[in-house]
There are 2 protein chains.
Amino acid sequence: MRARDQDDARPLYARVRARLLQRIRSGEWKPGQLIPNEFEIAAEFGVSQGTARKAVSELAAEQLLMRRQGLGTFVVAHTPADVLFRFFNMFDKSGAPLVPDSRDVHATVAPHPSDAELAALLLDGDSPVIRITRTRTRHGRPFIVEAIALPERLFPGLAARSDIPNTLYDLFQRSYGIIVVRTDDRLTAVAAAADEAGTLGVAVGTPLIKIDRIAFTLDAQPIEWRVSFCHLEDAHYLSRSR
Amino acid sequence: MRARDQDDARPLYARVRARLLQRIRSGEWKPGQLIPNEFEIAAEFGVSQGTARKAVSELAAEQLLMRRQGLGTFVVAHTPADVLFRFFNMFDKSGAPLVPDSRDVHATVAPHPSDAELAALLLDGDSPVIRITRTRTRHGRPFIVEAIALPERLFPGLAARSDIPNTLYDLFQRSYGIIVVRTDDRLTAVAAAADEAGTLGVAVGTPLIKIDRIAFTLDAQPIEWRVSFCHLEDAHYLSRSR
DNA sequence: CAGTGGTCTAGACCACGTG
DNA sequence: ACGTGGTCTAGACCACTGC
């Protein structure tokens with residue numbers, strides 16, 4: 001790889017990075033797999049170890065690769081615990097993370113998206129949509145009711161599974177090769193309507209946190225739209241800015 | 001600086017970083033100031049340019065230094081706009097940031113902290129506390145009422161100022177040399193009580209977002225405790241996870 | 001022990017912003 | 001034209017892991 005190719009003005013490390021990323025995204029390198037060491041990558045692309053290292057470092061900083069000194073570098077394989085820790089932002093009074101369970105999970109496929117789904121997921125009008133509803137519990141008591149919309153094209157057969165798990169993002173990676181790298185949660189306070197109040201066991205009008213979430217993949221494509229109504233007793237949603 | 005001093009097992013770049021940080025924190029390098037270039041830093045500490053660069057890069061990644069290619073590296077000087085963009089997480093329906101104003105600002109000094117202030121700010125019982133209350137408006141209409149507590153020791157004279165500004169964190173840096181690097185917001189939904197409802201012009205019982213915020217300095221010390229009650233019409237709080 | 005990621009060097013050249 | 005940050009190299013040694 002020559003420095004500054006005519007058609008690609010990016011630095012060398014950025015081009016190496018892009019090609020490594022492609023291997024992760026395409027599934028050529030699978031979750032959990034050991035990738036070649038820095039000298040092998042350097043040799044393959046005809047760059048120095050330092051340049052290969054910088055490419056790997058960026059992907060590690062984005063949590064797509066995981067380095068372990070003395071062992072090697074691996075493609076991340078998200079576990080349910082990873083996903084909860086990273087994207088589930090609710091904690092109890094003492095600061096301990098809430099560990100939700102799911103119940104009453106229903107999944108259907110709609111042949112056409114609603115207007116809201118179309119806008120949230122940037123679909124066209126003919127794209128089927130998977131709709132999942134579920135109730136999430138804490139110590140056996142319901143505290144979240146949520147509705148999830150997914151593009152069916154990217155998750156074929158998901159709606160028919162009898163084993164839709166509690167944490168979805170690790171399933172997205174394991175079974176569909178889709179890595180969620182970012183979520184945007186829009187929070188508002190709303191009064192519980194009759195149906196939410198019934199499911200959550202609270203009075204109509206009880207203040208709830210409404211979370212309107214879009215999850216994004218590597219290339220910033222919206223991959224999931226999720227609306228959750230949360231009744232947080234002795235708990236809170238934590239947002240950290242830095 | 002020899003590699004791996006006896007008393008300091010950290011890498012060279014980490015030790016250089018620590019000494020640069022000290023200069024920022026102590027005010028030896030002031031906000032907005034141009035710092036020496038990478039070769040000068042390298043020469044001063046007896047390391048290579050690459051090592052100096054790594055130290056500077058980490059501080060730039062933490063937003064304590066600002067690099068401008070061709071110009072130099074500067075100590076960050078937060079402007080009110082910076083602070084809003086970085087730590088004020090509210091947006092309207094179209095995704096545009098809300099720009100709040102402040103009114104009815106009242107500041108007092110209490111000789112002893114309340115139990116809650118003591119716990120939030122990790123104070124001892126004899127530390128005076130500055131208490132600020134204010135109403136924040138949007139298009140001239142109140143939408144947030146908040147109460148702020150600060151350790152008086154770190155902000156001497158602040159309560160007596162007649163010009164407490166709308167954005168506080170840039171004042172903290174400019175006038176007191178304290179840089180806020182992280183905020184933790186704990187969000188819950190609550191029903192408006194009589195006083196909040198009155199100030200915000202909503203019915204008692206209206207669902208509000210309550211934000212319980214702790215702001216932290218460089219060394220992870222809590223520096224501000226702020227409780228805000230927010231009435232977000234056609235707006236939301238945005239939390240991004242990655 | 002061998003092999004990996006992590007640190008460090010000395011020097012070179014490139015790209016950008018200012019004067 | 002000059003000085004800055006940004007990239008890149010070739011080579012060295014350190015620190016950790018597992019056999």
Side-chain angles (χ1 to χ4, degrees), chain A residues 1-21 23-24 29 32-77, chain B residues 1-21 23-24 29 32-77:
Chain A
M1 233 184 247
R2 296 192 317 285
R4 297 292 188 279
D5 268 311
Q6 288 181 334
D7 297 339
D8 192 345
R10 289 180 298 175
L12 267 182
Y13 73 84
R15 283 178 271 167
V16 173
R17 189 198 101 103
R19 297 189 54 184
L20 301 183
L21 183 57
R23 292 185 185 174
I24 298 167
W29 286 345
Q33 183 177 332
L34 174 69
I35 73 167
N37 70 43
E38 294 174 353
F39 286 94
E40 288 172 322
I41 292 171
E44 177 185 351
F45 292 105
V47 301
S48 71
Q49 176 257 358
T51 300
R53 179 173 179 76
K54 180 147 185 174
V56 170
S57 294
E58 286 204 354
L59 295 172
E62 296 172 60
Q63 312 208 53
L64 296 170
L65 295 176
M66 173 76 181
R67 307 176 111 140
R68 295 180 60 190
Q69 180 167 170
L71 267 181
T73 300
F74 302 80
V75 180
V76 288
Chain B
M1 236 184 245
R2 297 195 314 288
R4 295 293 186 279
D5 268 310
Q6 287 181 333
D7 296 338
D8 193 345
R10 287 180 299 174
L12 266 181
Y13 73 84
R15 281 178 271 167
V16 174
R17 188 196 101 102
R19 297 190 52 185
L20 301 183
L21 182 58
R23 293 186 186 174
I24 298 168
W29 285 347
Q33 181 177 335
L34 174 69
I35 73 167
N37 71 42
E38 295 176 353
F39 286 93
E40 289 171 322
I41 292 172
E44 177 184 352
F45 292 105
V47 301
S48 72
Q49 175 257 357
T51 300
R53 179 173 179 74
K54 181 148 185 173
V56 171
S57 294
E58 286 203 355
L59 295 172
E62 295 171 60
Q63 311 208 54
L64 296 170
L65 295 176
M66 173 75 180
R67 307 177 111 138
R68 294 182 60 191
Q69 180 166 166
L71 265 183
T73 300
F74 302 80
V75 179
V76 286

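Below, read A as the first sequence line, B as the second, and so on, with proteins coming before strands; counting in each chain starts at 1.
In this model, the phosphate group of C:dT7 is approached by a side-chain N or O of B:Tyr13 to a distance below 4.0 Å at OP1 or OP2. For C:dC8, the OP1/OP2 oxygens have no side-chain nitrogen or oxygen of B:Lys54 closer than 4.0 Å. The shortest distance between the side-chain N/O atoms of A:Arg53 and the OP1/OP2 oxygens of C:dG5 is not below 4.0 Å. For D:dC8, the OP1/OP2 oxygens have no side-chain nitrogen or oxygen of A:Ser48 closer than 4.0 Å.
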Contacts table for residues 63-71 of chain A: side-chain donor-acceptor under 3.5 angstrom, sequence neighbours left out:
from    : atom 1 : to      : atom 2 : distance (Å)
A:Arg67 : NH1    : A:Ser57 : OG     : 2.7
A:Arg67 : NH2    : A:Glu38 : OE2    : 2.6

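Between A:Asn37 atom CG and D:dT17 atom C1' there is a gap of 15 Å when expressed in whole angstrom units. When the P atom of C:dT4 is taken as reference, atom CG of A:Leu65 falls 16 Å away, rounded to whole Å. If you measure from atom CG of B:Leu34 to atom C1' of C:dT18, you get 13 Å, rounded to the nearest angstrom. For A:Gln69 and D:dC13, the CD to P distance is 18 Å, given to the nearest whole Å. We find that CD of A:Glu38 is positioned 15 Å from C1' of D:dT9, with the value rounded to whole Å. The nearest whole Å value for the distance from the CG atom in B:Leu12 to the C1' atom in D:dA12 is 14 Å. The distance between atom CZ of A:Arg10 and atom P of C:dA15, rounded to the nearest whole Å, is 15 Å.
Put simply, the residue from A:Leu20, A:Leu12, A:Thr51 that forms a side-chain contact (heavy atoms from CB on, under 4.5 Å) with A:Phe45 is A:Leu20.
The closest side-chain heavy-atom distance from A:Arg17 to A:Glu62 is below 4.5 Å. By the 4.5 Å heavy-atom criterion applied to side chains, B:Ile35 and B:Ile41 are counted as neighbours.
Projected onto DNA chain C by closest heavy-atom contact, A:Gly72 and A:Gln49 fall at different nucleotides, the more 5' of which corresponds to A:Gly72. With DNA chain C read from its 5' end, the first of the two nearest nucleotides for B:Arg68 and A:Leu71 is the one closest to A:Leu71.
Of the possible donor and acceptor atoms, none in the side chain of B:Glu58 sits under 3.5 Å from a partner among the backbone N and O of B:Ala55.
Comparing C:dC8, D:dG18, D:dC8 by their closest approach to the side chain of B:Thr51 singles out C:dC8. Nearest nucleotide to the B:Arg67 side chain, out of D:dG5, D:dT9, D:dT7: D:dG5.
Among the heavy atoms of the strands, none lies under 4.0 Å from B:Phe39.
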